[in-house]
Amino acid sequence: MRYLPLSDADRGTMLSEIGVGSVDDLFACVPEDVQLEKLPDLPHHASEMRVEKVIRELAEKNLCADNAPFFIGAGAYHHHVPASVDHIIQRSEFLTSYTPYQPEISQGTLQYLFEFQSQVALLTGMEIANASMYDGSTATGEAVLMAHRLTKRQKALLSGGLHPQYTDVVRTLAKFSETETEELSAGSQQSAEIIDAIDEETSCVVVQYPDFFGNISDLSDIAAAAHEKGALLIVAVTEIISLGLIRPPGSMGADIVVAEGQSIGNGLNFGGPYVGLLATRQKFLRQMPGRVCGETVDQDGRRGFVLTLSAREQHIRREKATSNICTNSGLCSLAFTIHMSLLGEAGLRELAEINHSRAVALSRRLEKIDGVELVTSAFFNEFAIRVSRKADEVVNELAARNILAGLPVSRMLPDVEQFENLILLAATETTSDEDIDRLEAGLKEVLS
Amino acid sequence: MSVYFTKDHEYIRIEGDVGVVGISEYAQEQLGDIVFVELPDSGKSLQSGDEAAVVESVKAASEVYAPVSGEVVESNEDLADNPALVNETPEEGAWFFKMKLSDQNELENLMSADDYKAFIEDLG
Amino acid sequence: MMNRQGRPTALPLSSSEIGETFTGNRALQVEEPLLFEIGSVDRSGVDFEEHEKLTEIPKELLRKERIGLPGLSEPETVRHYVRLSKFNYSIDGGIYPLGSCTMKHNPRLNEKLARLPGFSSLHPLQPERSVQGALELMEMLSDWLLGITGMAGIALSPKAGAHGELCGMVAIKAALEASGESARRVVVVPESAHGTNPATAALLGYDVRPVAAREDGTMGVDAIRDALKEDVAAIMLTNPNTCGLFEREIVEIAEAVHEAGAYFYCDGANLNAIAAKVRPGDLGIDAMHINLHKTFSTPHGGGGPGSGPVVFSKALAPFAPYPRVVREGDALRLEEGHGNSSKDGTAFGRLTAFHGQMGMFVRAMSYMLSHGIDGIRQASEDAVLSANYVRARLADVLNQPFGDQVCMHEVLFDDTSLKGSNVTTLDIAKVLIDEGFHPMTVYFPLVAHGAMLIEPTESESKESLDQFIDALRSICGRATADGGEAMQSAPLFAPRRRLDETLAARKPKLCWKADEADALAAE
């Protein structure tokens, strides 16, 4: 048992120091009739080689994004992550440290969190940001609860352009925290429809940018209408790299910006762990959920950083806390910060341009295919097409040809006629001309 | 001028038909360095015992309860910019809010300054 | 003076002779500015492929103003973050005895396997046929967690312990609604509970009814019975509890809870003490989260990401959220249940986009397969043995608030023995830093005055435990011998001295601001 340093001799010495005869005596406080007599029926310990073999075999059963033409997005994106990012996050001092509760010996974590918060605020065009949330969807849920606290209202208005699983998360949270959601029917985000639905009870309007179907549009009118009724505008961004090219939500009147930060520094990982971003205005600081790092000085006057504003958090406020959260997405936020530092503004802008260019190239090729119609007009790196057959069949048949062609929208919005033939596709800097050729050829085959 | 105290360590100083509410010297000592104060809006009506304000130190946060019923007529904006005032002059400059009492009789339920002094001595 | 290992313990020079360095650096401790002070917006450490530039975005939506994000070349980036890393303590570098946090060894095999492209480069929304291996791993993890806990159902998706708590409590609320018992508005929570427990209950609109423990630090079934009125929806109990004690009357408590028509939520943060020794399912628990980052060795990563799967009793299993992995013959499927389309209609909804922390599932599975069920049992026993060894060797210098009794995987002391000195629990923690150790958890749980909660875990050798214990004994001795004045200035040798938390909270500065930095430079 390679992870256990104690020898039987050590155990014997320790037991006699404690003054008991056997380890069973230490478990004497456990009622005897619930102590396990025999072990549950599960395998016994195994060598590193054996474990690696078992898990590698499972990994190899999957068709991953590296091994196929790949066009899936919908909230998680396949980007190239520089090798140095993964190297640094595996340093012992980052990987195997805890929440920085002893700041004198945790300045490494605290300083990068301060850098992370600063990057997130700049990127979203907001004044402040927290030290990260679990992911984009849970950050959206927390933002809605924050808006309820700020406005003392209880109803969130959700755009039909919000990621359907984000909508599910907000709805679930609302239902059980006894607040309300008003959901506009799924489809491209329409400013007029949203503005019409805002009323005096609306605490916040939640929109996505670019929306779930890939559309980008100016949000200023929605912000103005929300503010006029005393409501807040929450903007969710699922492809954070887009903000290298398009206007930040902060410049369009957003009050809270939440985002999925996976695209920068983090792999697809079959859905997690990812990193949620949450940024807002300075004046809302005290109602912002989650961990926050702040600058201060030490006894000798040297600059240092600490976790701050913790009086709002669960370990002190208990049932009056702003949220029940007690972890952030530490290592994923570090990966984000390092990748962002490598990119810099120039690199981010170029990366965003490439993503957009690849998506335009893809859309131009696909719309020429018989039986394909481009649905999204202004987009960043993701758009929807309507095909002449059921989208899930088309995607499955392409998968059988080792092409991961996109998301059939019906997987998330089932039993709605207008979505049955809709496929959502994303392109990134990893999308090659050959990938596009193979998708084009495959689509022609399955649509003919 | 008469001052009354609650067992939650708020004081209310009566100035005409208005009561000036804050936290006691003892309370600020217990809390340590105050870092933030959240105050009620003017016009808010409070029942005796309602949560009226929140006071935060580095390691703790406490509610400040309305000692009596009434309507908030003013809150101390100075505290928003300089919460340290609560540590410096809790029972003078660093009042939290002023309220118009709806029932003067409720004051009878509170402690006098002498009673309060004995009360905190008992707390050790 | 020489210590037991034959090392001199005195500093080479007295502090007045150390003086200053030109740079402010101290040999291996090199000061590092902020990224924003060394990077620039036109520098980058990434090269891109040549590409054809195409634009179809309306001009008015383009981001024209400068963003202000600094960049660095690759060598500068590596150096910047490597230097920062050196300011951190880590479990790889030394014992990290944070009570209730379970800082055990993080095997590197876990990291290697989580990075296999077949997992790390897998999109959550790929067709099911292309992700069968991933679903199989999730099924295997479920089988292990259900086997270890003896429970009936599972939700893998919660992102961390507190998220798991939310999941378990929502399932309870959904079950009560389904049986027409929404009038139950109270959750019973012991005073020693983790802060997340009452926070979660309150988030769901419940009133919290605190219950005090008995003099021995555990909950008595009588006190629970008194609290169990007909308005009670659930009880939230941690077992072993936050004082490191096993709740001896837990079976009776579970019976009383069920008799009262309520549900039993168990905070599983301390499962690492009893895994493969006791099954929570045999104790009468209805829902419990499991912190994969504690019991099953996935790294804490400076505060996350965590992973908090929840196991359910038969009564609650139908209410488990989406997504679920289901087997149909040879194939595995994901039930995702969007909108109102749920098939059986009992799942309470969805807590997160996608399927949970897959990267953590792979790591936990790698750990479980390595240890095997026999190794997991040995790990539980060693964790309990080590904590009791620490207890026995410190019992004469530190006071246990609930008397000298056997503990589970962590031992709780209070500050009684420091009375009469000027030394506080905080000072002890800071002196431990100077001695080269990460301190124990301090001031938690709140039920002990000046609490010190020590959890050594099974990962420490006896020699490592002895070094920590000897240092702590010496510190306690110094605290009581000379009043401990000197201890109040610790730490002296860490990258930073004590930090001004009041300043940080009074004038919060959370982000670097270009204009503020310019103003400072102009002064």
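Residue numbering restarts at 1 for every chain, and letters A, B, ... go by the order of the sequence lines. Values below: every heavy atom of this structure, side chains too, minus hydrogens, waters and symmetry copies.
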Go through C:Ser120 and A:Asn269 one step at a time and tell me if the side chain to side chain donor-acceptor pair (under 3.5 Å) criterion holds.
CA-CA 4 Å; C:Ser120 65; A:Asn269 288 317; 5.0 Å; no
Take C:His80 and A:Glu115 through the side chain to side chain donor-acceptor pair (under 3.5 Å) test and state the conclusion after the steps.
CA-CA 12 Å; C:His80 177 64; A:Glu115 294 178 355; 2.8 Å; yes
Positive for side chain to side chain donor-acceptor pair (under 3.5 Å) with C:Thr352, one of A:Asp168, A:Thr138, A:Asp135:
A:Asp135
Checking side chain to side chain donor-acceptor pair (under 3.5 Å) against C:Ser121, which of A:Asn67, A:Asn62, A:Asp66 comes through?
A:Asp66
Assess whether salt bridge (Lys or Arg N to Asp or Glu O under 4.0 Å) is satisfied between C:Asp382 and A:Arg11, documenting all intermediate values.
CA-CA 8 Å; C:Asp382 282 0; A:Arg11 292 184 183 117; 2.7 Å; yes
Shorter than 4.5 Å, heavy atoms on both sides: which option in [options] has the most such pairs with chain C?
options                              : value
A:Val20, A:Asp25, A:Asp10            : A:Asp10
A:Glu295, A:His44, A:Gln35           : A:His44
A:Pro103, A:Gly267, A:Ala121         : A:Pro103
A:Arg411, A:Arg302, A:Met1, A:Glu178 : A:Arg411

Top contributor to chain A contacts, counting heavy-atom pairs under 4.5 Å, from [options]:
options                                : value
C:Leu283, C:Thr55, C:Ile148            : C:Thr55
C:Pro107, C:Gly93, C:Ala392            : C:Pro107
C:Glu501, C:Glu458, C:Glu165, C:Lys173 : C:Lys173

Would you please test A:Leu343 and C:Leu69 for side chain to side chain contact (heavy atoms under 4.5 Å, CB included) and show each step?
CA-CA 9 Å; A:Leu343 286 168; C:Leu69 287 164; over 6 Å; no
CA sep, side-chain torsions, deciding dist, call: A:Arg91, C:Ser85, side chain to side chain donor-acceptor pair (under 3.5 Å)
CA-CA 7 Å; A:Arg91 275 189 69 91; C:Ser85 76; 2.7 Å; yes
Measure the spacing between [atom1] of [X] and [atom2] of [Y] and express it to the nearest 0.5 Å.
X        : Y        : atom1 : atom2 : value
C:Lys509 : A:Cys293 : NZ    : SG    : 11.5 Å
C:Leu62  : A:Arg247 : CG    : CZ    : 10.0 Å
A:Ile55  : C:Phe119 : CD1   : CZ    : 6.5 Å
C:Ile91  : A:Thr96  : CD1   : OG1   : 6.5 Å
C:Ser459 : A:Tyr3   : OG    : OH    : 10.5 Å
A:Tyr98  : C:Tyr96  : OH    : OH    : 9.0 Å

Between A:His356 and C:Lys53, is a side chain to side chain contact (heavy atoms under 4.5 Å, CB included) present by the stated rule, with each step listed?
CA-CA 9 Å; A:His356 178 60; C:Lys53 195 176 165 185; over 6 Å; no
Given a strict heavy-atom distance threshold of 4.5 Å, which part of [X] is in contact with chain C: side chain, backbone, both, or neither?
X        : value
A:Glu429 : neither
A:Ala76  : both
A:Arg2   : side chain
A:Ser132 : neither
A:Phe27  : side chain

Stepwise side chain to side chain donor-acceptor pair (under 3.5 Å) test for C:Tyr89 and A:Glu104
CA-CA 9 Å; C:Tyr89 193 93; A:Glu104 299 88 347; over 6 Å; no
Is C:Arg63 paired with A:Glu345 through a side-chain N to carboxylate O contact shorter than 4.0 Å?
no
Take A:Asp218 and C:Glu60, measure what side chain to side chain contact (heavy atoms under 4.5 Å, CB included) needs, and give me the verdict at the end.
CA-CA 8 Å; A:Asp218 192 337; C:Glu60 66 276 14; 5.5 Å; no
Do C:His123 and A:Phe270 have their ring centres less than 6.0 Å from each other?
no
